[in-house]
There are 2 protein chains.
Amino acid sequence: MPQNIYDNVAFFDLYSQLDRSVQGLSGAPEWPALQSYLPPMEHLRVLDLGCGFGWFSRWAADAGAASVLGVDLSERMLSRARSEESDGSIEYLKADLDSIELAPDRFDLVFSSLALHYVKDLASLFNKIHRSLRGNGRLVFSVEHPILLAPSDPGWKKLESGSTIWPLDGYLDEGPRTVNWLVNGVVKEHRTVASYLNLLIGSGYLLRALEEWGPSQAQIMEHPEWSLERNRPYFLLVSAQRGQDSVA
Amino acid sequence: MPQNIYDNVAFFDLYSQLDRSVQGLSGAPEWPALQSYLPPMEHLRVLDLGCGFGWFSRWAADAGAASVLGVDLSERMLSRARSEESDGSIEYLKADLDSIELAPDRFDLVFSSLALHYVKDLASLFNKIHRSLRGNGRLVFSVEHPILLAPSDPGWKKLESGSTIWPLDGYLDEGPRTVNWLVNGVVKEHRTVASYLNLLIGSGYLLRALEEWGPSQAQIMEHPEWSLERNRPYFLLVSAQRGQDSVA
């Protein structure tokens with residue numbers, strides 16, 4: 001039985017109050033960086049893995065995508081997403097990313113925001129996505145950065161010297177991490193940056209770009225409460241391409 | 001005037017006593033991982049950037065390389081390297097990696113061990129290396145991992161909870177770091193993992209593999225004093241390929 005924290009009532013209520021839940025993409029400070037990885041949407045067939053409330057699915061449809069399939073495990077989130085959609089250009093599907101089946105040669109863009117760190121068998125999913133992409137189709141995704149997720153006690157610590165540091169440990173030991181985020185006991189999968197990228201390369205993708213995202217100095221000027229955030233990355237953003245099989 | 005710490009007498013004496021200086025490649029615990037990235041050496045034209053005492057240059061020559069060019073800024077290290085070489089198959093050259101000129105279409109393998117974190121203009125060097133590679137020639141290198149190099153106060157810290165952590169800060173702010181390593185005031189350039197890889201991609205390389213290296217559990221069994229080393233990576237190992245210009 002896959003973990004489905006998003007259908008937990010307490011979690012769902014708190015999650016629904018986050019900036020990114022209320023304001024959508026404009027409430028996600030990493031969105032401009034992630035958006036810079038996206039091709040023009042016109043005529044693309046788009047798959048949105050872990051679509052949540054459907055903010056990205058609606059953005060892609062509004063930007064001219066030929067079709068959008070939004071997938072999520074949470075019935076509550078899909079229900080909200082369906083209620084926000086008006087013109088029928090988006091299809092929503094309930095599925096678990098660890099067991100989802102994807103038709104081959106189907107999509108031009110597979111997008112996933114902050115969902116893949118819940119997936120247990122990521123090698124299998126990257127392979128399935130690769131087969132489902134057409135031509136030089138792209139996979140663009142974000143996950144929590146492994147530096148954020150690794151520690152046994154994640155949270156800023158003030159040292160005797162006065163400096164505030166991120167207490168990194170366990171980075172090289174991959175596996176589940178149980179974190180208290182909105183509610184207690186949310187389980188995410190810790191993988192190193194190298195593992196994410198080697199899994200992509202091993203599935204045949206070409207790596208196009210990545211970003212270890214933290215707020216820019218301009219964003220910190222607007223949000224002084226983020227001033228510590230340049231000390232370690234918060235998200236890992238990746239752009240990969242289905243690529244050429246001719247690469248030796 | 002480039003920093004040339006390796007010709008500092010105190011530094012040189014201490015550096016000469018390190019396992020990796022006395023035992024060569026077998027004294028470098030990351031060597032097996034780095035070696036796994038290397039193609040068969042037979043008939044290759046090899047460039048060794050930051051060759052130091054010439055351990056890798058000699059290994060490549062002994063393994064059948066057609067030619068080996070070892071480059072270093074340190075006259076002391078080159079002098080030692082030349083004295084260890086007997087049959088004339090290796091050429092040694094004194095040059096600064098920030099201003100080196102490389103002939104185009106010349107090498108099949110460019111190797112660099114723990115030297116590129118001293119280079120100020122790495123984009124320029126990656127471009128020069130790319131032009132100097134032939135066919136699907138490879139660039140294989142190691143650097144200190146950015147997580148190791150970033151902190152303002154690098155060293156294990158014991159928290160009140162009893163756990164020992166790596167005090168990460170400054171990760172997203174790139175630039176020189178002055179560290180006390182063997183002697184005081186050694187300057188290295190901090191770049192994020194993303195920057196290393198984006199610079200490679202931007203120069204036209206295909207990324208083949210990377211490793212965020214720390215000792216394996218087997219190595220820790222042999223060296224119990226390394227038990228903390230799984231808490232953060234120590235080296236970043238990268239294998240890249242000159243690649244196809246057809247990638248969009």
Side-chain angles (χ1 to χ4, degrees), chain A residues 39 135-136 138 145-147 150-153 156-157 159-174 192-198 200-202 205-217 228-234 236-241 243-244 246-248, chain B residues 39 135-136 138 145-147 150-153 156-157 159-174 192-198 200-202 205-217 228-234 236-241 243-244 246-248:
Chain A
N136 281 329
R138 300 199 199 161
H145 195 288
I147 289 174
S152 58
D153 186 10
W156 299 109
K157 298 280 180 286
L159 298 183
E160 285 175 16
S161 65
S163 60
T164 300
I165 58 88
W166 184 252
L168 186 60
D169 64 0
Y171 184 85
L172 293 174
D173 292 317
E174 303 188 308
T192 65
V193 171
S195 283
Y196 277 109
L197 303 182
N198 287 330
L200 287 169
I201 294 166
Y205 296 88
L206 293 183
L207 189 65
R208 290 176 57 97
L210 68 157
E211 181 167 345
E212 298 181 282
W213 187 90
S216 64
Q217 295 294 0
L228 289 174
E229 295 290 329
R230 307 260 328 146
N231 285 315
R232 54 104 182 88
Y234 201 95
L236 176 66
L237 316 181
V238 179
S239 172
Q241 180 173 304
Q244 284 82 357
S246 63
V247 175
Chain B
N136 281 330
R138 300 200 200 161
H145 196 287
I147 290 174
S152 57
D153 186 9
W156 298 110
K157 298 280 182 283
L159 298 181
E160 284 175 18
S161 65
S163 60
T164 299
I165 58 86
W166 184 250
L168 186 60
D169 64 0
Y171 184 85
L172 293 174
D173 293 317
E174 303 187 307
T192 65
V193 172
S195 282
Y196 276 109
L197 303 182
N198 288 330
L200 288 169
I201 294 165
Y205 296 88
L206 294 183
L207 189 64
R208 291 176 56 97
L210 68 157
E211 180 167 346
E212 298 181 282
W213 187 90
S216 64
Q217 296 293 0
L228 290 174
E229 295 289 330
R230 307 264 324 150
N231 285 313
R232 54 104 181 87
Y234 201 96
L236 175 66
L237 316 182
V238 178
S239 172
Q241 181 175 302
Q244 283 84 355
S246 64
V247 175

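Per chain, numbering begins at 1; letters A, B, ... match sequence-line order. Given the structure is predicted, the values throughout are model-derived calculations rather than measurements.
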Q: Pick one of side chain, backbone, both or neither for B/Leu237, based on which atoms fall under 4.5 Å of a heavy atom in chain A.
A: neither
Q: Quick one: what part of A/Leu228 sits under 4.5 Å from any heavy atom of chain B, side chain, backbone, both or neither?
A: neither
Q: Is B/Asp169 reaching over with its side chain to a backbone N or O of A/Trp166, donor-acceptor style, under 3.5 angstrom?
A: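 No, B/Asp169 side chain to A/Trp166 backbone: no donor-acceptor pair under 3.5 Å.
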Q: Top residue by heavy-atom pair count (under 4.5 Å) with chain A, among B/Ile165, B/Ile147, B/Leu172?
A: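 Among the listed options, the one with the most contacts to chain A is B/Leu172.
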Q: For B/Arg138, check salt bridge (charged side-chain N to carboxylate O under 4.0 Å, His left out) against everything at least two apart and list the hits.
A: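 B/Arg138 satisfies salt bridge (charged side-chain N to carboxylate O under 4.0 Å, His left out) with no residue once adjacent residues are dropped.
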Q: Search all heavy atoms of B/Arg232 against all heavy atoms of A/Tyr171 and return the closest pair with its distance.
A: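 The answer is CA-CB, 4.0 Å.
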Q: Using a 3.5 Å distance criterion without hydrogens, assess whether the side chain of A/Asn231 forms a donor-acceptor pair with backbone atoms of B/Gly170.
A: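 Checked: pair present.
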Q: Counting only non-hydrogen atoms closer than 4.5 Å, does A/Leu210 touch chain B with its backbone (N, CA, C, O), its side chain (CB onward), both, or neither?
A: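 A/Leu210 touches chain B through backbone and side-chain heavy atoms alike.
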Q: Please flag which part of B/Glu212 lies under 4.5 Å from any non-hydrogen atom of chain A: side chain, backbone, both or neither.
A: both
Q: Specify which of B/Ala209, B/Pro233, B/Gly214 makes the most heavy-atom pairs with chain A at under 4.5 Å.
A: B/Pro233
Q: Sort out for me which residue in B/Leu200, B/Ile201, B/Asn198 forms a side chain to side chain contact (heavy atoms under 4.5 Å, CB included) with A/Leu207.
A: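 Running side chain to side chain contact (heavy atoms under 4.5 Å, CB included) over B/Leu200, B/Ile201, B/Asn198 with A/Leu207 returns exactly one hit, B/Ile201.
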Q: Does any heavy atom of chain A fall under 4.5 Å from the side chain of B/Leu236, the backbone, both, or neither of them?
A: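 Contact with chain A: none, neither part.
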Q: Using modelled atom types only, decide if a donor and an acceptor are shared between the side chain of A/Arg230 and the backbone of A/Pro215 within a distance under 3.5 Å.
A: yes
Q: Return the set of residues passing ring pair (Phe, Tyr, Trp, His ring centres under 6.0 Å) with A/Tyr196 (not counting sequence neighbours), or none when no residue passes.
A: none
Q: Is B/Gln217 close to chain A through its backbone or its side chain, or both, or neither, when contacts mean heavy atoms under 4.5 Å?
A: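 For B/Gln217, the side chain is the part near chain A, not the backbone.
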Q: Most heavy-atom pairs under 4.5 angstrom with chain A, which of B/Thr192, B/Thr164, B/Leu168?
A: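 Among the listed options, the one with the most contacts to chain A is B/Leu168.
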